[in-house]
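The next block holds one structure in the form of structure tokens; read it before the comments.
Predicted model, so just to flag it, every value in this text is computed and none were measured. Both backbone and side-chain heavy atoms feed into the values below; hydrogens, waters and symmetry mates do not. Chain letters run A, B, ... following the sequence lines, proteins first and then strands; every chain starts at 1.
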Amino acid sequence: MLMLPELLVVATALVVLVIDLFLSERTRWLTGLITLLGLLAAMAAACTNTMHGALLGGRFVVDAVAWWFDILLILAAFVTVILSMDVLNGNTRVRMRGLGARAEYYCVLLFTLAGMMFLISSRDLITFYVSLELATIPMFALAAWRRDDARSGEAGLKYVILAALSSSLIVYGMALLYGLTGQTNLDAIGRILPNHVGPAFWFAVAMLVAGAGSKFTVVPFHFWAADVYQGAPTPITAYLSVASKCVGLAFMFQVLFRIFGGWLHDGSLLVSIFAATTMTLGNTVAIVQHNIKRFMAFSAVSQAGYFLLGFLGPNEAGVAAMLFYMLVYIVTNLGVFTCIIWYQNETGREEIEDYRGLSQTNPIMALMMMVSLFSLAGIPPLSGFVGKFFLFSIASSAGYHWLVALAAVNSTVSLYYYLRVIRQMYIEPPDADARRIPITKKLAVTEAFLFAGVVILGIVPTLYESIHADTATWLATLLR
Amino acid sequence: MMLICIVLIPLLAGVIAWAIGRQNPGAARWVCLLACAIDLVILLTLWNNQAAMAAFAAGGPWLMQVNVPWVPALGISFHLALDGLSLLMLILSAFLGIVSVGCSWTEIKERVGFFHFNLMWVLAGIMGVFLAMDLFLFYCFWELMLVPMYFLIVIWGHENRIYAAVKFFIFTQFSGLLMLLAILALYFLHGHATGTYTFDYDLLLGTKLGSGAAKWIMLGFFAAFAVKLPAFPVHNWLPDAHTEAPTAGSVILAGLLLKTGAYGLMRFVVPLFPQAAIDFTPVAMTLAVIGIIYGAVLSFAQTDLKRLVAYSSVSHMGFVLLGVFAWNRIALQGAVMQMICHGLGTGALFMMVGAIQERIHTRNIEKMGGFWEVAPRMGAIAMFFAMASLGLPGIGNFIAEFLVLLGSYQANATMTSIASLGLVLGSIYSLWIVQRVFHGARENQAKLPDFARREIALFASLIIALVGLGFFPQPIFKTADPALSKLQQLAVAGQGAVQVSEAKHSGGNS
């Protein structure tokens, strides 16, 4: 039963693929519905499963952190599927070609999800690596899904090359770990490693940190992000920005806490430098972007920098703060992307300037997008502020006051560029021939839920309390 | 519960106004006017509650408070509390709320609903700032003021509005984040020392800090409040923001937003870090005096009437800074009085400029002159507020500035003597406004209708308030006094504690 959510996701992927063979073109939209039902079932299975435990001889373990990651990942995938449905079904005002093959799309998406869910639960080098690749390789195909769009192809290709590079670094690092310790169990490696500190060990650290950094878009390993975000179909950009980030965080948890847990305290300075460069560079480059997807890519890079603050210390409050901020980030970023996808579906535009006058052509969507952007910038009392506040307080309690000050400066800068979008929506007048832009029910309901999440998570942060309570003892066993 | 209502009413009114503003702008205006009026009535009944006042004066904790846990794991609570100082500031907020809705009645014609939404939310944020006694909550309200104000300037402002709004935003946001940093540092230092991690103001009072830490944390708070106040040299967002904002925005900015900075200094900076504040006093007083003189001198150089009034604000708020750091009872009373009178008087001057601009479409003083002939009521009213601004006896401002100078003379005679020059300069530029705009040759031939009933009513209420304060300031003193003396006691107690612990420390070393 422990593995039920993962199994349900895989089963849904296969069912969708098979059922598609028996559907006519007119009824093919059913595949989306089946995917959603499968994800709902997986979510229900995950939510009702309160047991923690190990399977397959300790290679697959569900603990509090893995449980929360499962919930977050399924949530991200669920929303992404809804966001993709209009595009895939052709319910868009602007004709978009080359986004056919619905069943395959859903199937591939579900496989990435399964890979991500396995990754956080795996305790064995082999399972760990295989699930990482299962999460990554189907992503290449998704990024290049728009077959007759050159940019989408370019995105896919860039993603393949850079992700392959990071995967090879990771596999090299893992090989070194195995060579040093003779173990494949991650916990065992973490236990034995302190006896094997030497050049090979530091080499393994460098490899794994670079690999993890690339998955989590930490500067200077972030290069793939901007082009891939811009070129990929927009729902996939949304998925990349939340699910990939989430799995990147899970990967960091596995590597930094589980394998190198003993050194994390001494490595705090290094983490703080990564955090500082990541948020600063992400923010500075975001200022000059014109394409909203590229803009969101750099915004995502800078957000990764804030996440890293949670590793300082390190203490159990940091784990809870990172998980909570991930939840907030998923909800908020998807809130922004719902607007971006909707606007692209209706008008075919994706430049920041194209958003001018949105407050007149659709005031409600403009409001929701504005609130989501403010949440990303960290304006109280929205959830983004509360999440960031928890992370800042972690860094502050670890004594990294300079880093908190820098993070504060970065928040101001980020506010400036989020305001650029808001200024277009609220201050610039709409085009003379602009009319009211309608919205489909699916997107409206999704956006309403995400909006409610953005506001409520901030005002009533009880979820943080429950994450905190769940994960309170998780770290103690790893840090020794 | 009452306290939550006070903040909630404008928030709700804002949402309603936005929702109905598109179809029925008139109704939106009335909803907001009504909301502010209800708030004012609630606050006045609270003020009238003699029993509670007496209990507070006798040493009760607060006049009224709500304290519910919010994020218990981090020691964050939803703590609103009221004492005499907050009560006066809240009454001022509700009153100026009514005035600012009233003065935008004809000025704002576009997106009326959204305008009133922003106006009400700024007001709610300001009221929250005056009530919050949990530092986390305080920061939330502090930021809540910012975004709607940005919109007020950037959508309904004048020519150079985007530049002004961004400048305002970045100054206040950055200084606010410095305060956030200071809040976090205080939180952890208090937590490490006592084992209870809390953001609650009551519990954080009397935290024993090393003098280095206290200095830096105090500066974090001071930065945020000095920008809002505004103190020299971080005042330069103010002339732009005031000038470019619509009239109601300027009224709120000058009347209330600046007061949050002064309030923060009184409520947080000195009581939380008494020793650090005392060490900092010479610097703060110097900044205050520079602000007073510099603001007044720059007022002369302006040709834009609104900019002139804005610089005069820098000068007047310098007196508040001076009074706060003199930190004796007379000076503090004077500072509170100055906050109230400056809020009313400068608000009125901005409304005057707004009214003139609405009529002749310029703010350039050189294009004005001789308005008295065509608009005598306007001239007489302007004359009154110019007199208020220069501190004519019989008007509240005189009492305020006099008390500040009286109090701070005891603290620092040199600074006070220089500061009193500000009064002389103030009378020059105030009279200059009247002379240039209302007398002399009539250059501008644009039509200039005199004030109508709505405007007369608004200005009359302000005049009555200012004259009332000038002749009967006692109720204000009586309300503020228990709160101020409590703050003073806290500061003295904290200072004593620091000295004792330092004495112990040095004793241990020897």
Side-chain angles (χ1 to χ4, degrees), chain A residues 317 320-321 324 359-360 363-364 366-367 370-371 374 377-382 385-386 388-399 401-416 419-420 422-423 426-429 458-469 472, chain B residues 18-19 22 69-74 76 78 110-111 113-114 117-118 125 128 136-144 146-147 150-151 153-157 161-162 165-166 169-189 191-192 197 199 213 216-217 220:
Chain A
F324 180 73
S359 67
Q360 321 257 323
I364 294 181
L367 170 72
M370 176 178 76
V371 171
F374 273 141
I379 299 282
L382 299 170
F385 165 71
V386 180
K388 248 187 214 174
F389 182 82
F390 294 157
L391 287 170
F392 284 15
S393 73
I394 300 300
S396 191
S397 80
H401 294 295
W402 65 270
L403 188 57
V404 184
L406 186 71
V409 174
N410 269 302
S411 291
T412 316
V413 175
S414 75
L415 198 54
Y416 174 76
L419 273 175
R420 274 180 60 211
I422 293 165
R423 213 152 67 199
Y426 276 86
I427 288 133
E428 300 297 324
I459 297 173
V460 195
T462 44
L463 258 180
Y464 171 77
E465 303 261 307
S466 45
I467 295 178
H468 194 267
Chain B
W18 194 1
R22 193 170 281 250
W70 189 8
V71 191
L74 291 174
I76 298 172
F78 189 84
E110 276 170 39
R111 297 162 85 177
F114 191 46
F117 170 82
N118 285 314
F136 181 86
L137 187 64
F138 177 76
Y139 184 76
C140 285
F141 282 124
W142 188 261
E143 292 288 302
L144 182 62
L146 188 56
V147 176
Y150 169 81
F151 276 120
I153 299 174
V154 89
I155 299 183
W156 294 275
R161 56 183 187 266
I162 292 184
V166 170
F169 206 90
I170 288 176
F171 263 82
T172 37
Q173 175 71 12
F174 181 65
S175 64
L177 284 163
L178 286 180
M179 178 170 74
L180 180 66
L181 196 64
I183 291 176
L184 281 173
L186 180 64
Y187 169 77
F188 283 106
L189 288 175
H192 287 315
Y197 287 88
F199 285 97
W216 286 107
I217 298 175

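When all heavy atoms are compared, the tightest approach of B:R111 to A:S359 is NH2-OG, 3.1 Å. A pairwise comparison of heavy atoms in B:L181 and A:H401 identifies CD1-O, 4.2 Å as the closest pair. Minimum heavy-atom separation, A:A408 to B:L177: O-CD1, 2.9 Å. Nearest heavy atoms, A:S397 versus B:H192: O-NE2, 4.4 Å. When every heavy atom of B:A185 is checked against every heavy atom of A:S396, the shortest pair comes out as N-OG, 4.2 Å. B:Y150 and A:R423 make their closest contact through OH-CD, 3.5 Å (heavy atoms, listed as atom of the first residue, atom of the second, distance).
Neither the backbone nor the side chain of B:F78 comes within less than 4.5 Å of any heavy atom in chain A. Within the 4.5 angstrom heavy-atom criterion, no atom of B:L178 approaches chain A. Interface remark: B:I76 contributes side-chain atoms only to the contact with chain A (heavy atom separation under 4.5 Å). Contacts of B:F136 with chain A are made by side-chain atoms alone, with heavy-atom separations under 4.5 Å and no backbone atom involved. Heavy-atom distances place the side chain of B:L180, and not its backbone, under 4.5 Å from chain A. Proximity to chain A is limited to the side chain of B:W18, based on heavy atoms less than 4.5 angstrom apart. Heavy-atom distances place both the backbone and the side chain of B:V154 under 4.5 Å from chain A.
Between A:M370 and B:F151 there is a side-chain heavy-atom pair separated by less than 4.5 Å.
Listed options A:V404, A:I422, A:L419, A:I379 were ranked by heavy-atom pairs under 4.5 angstrom with chain B; first place goes to A:L419. Most heavy-atom pairs under 4.5 Å with chain B, from the set A:V460, A:L367, A:L382, A:V413: that is A:L367. Listed options A:V386, A:T462, A:I459 were ranked by heavy-atom pairs under 4.5 angstrom with chain B; first place goes to A:I459. In terms of heavy-atom pairs under 4.5 angstrom with chain A, the leader among B:F114, B:W142, B:F141, B:F169 is B:F169. Taking A:F385, A:Y416, A:F389, A:Y464 one by one and counting their heavy-atom pairs under 4.5 Å with chain B, the maximum is reached by A:F389.
With a 6.0 Å radius and a threshold of 12 heavy atoms from other residues, nucleotides or ligands, B:I162 has its CD1 atom above the threshold.
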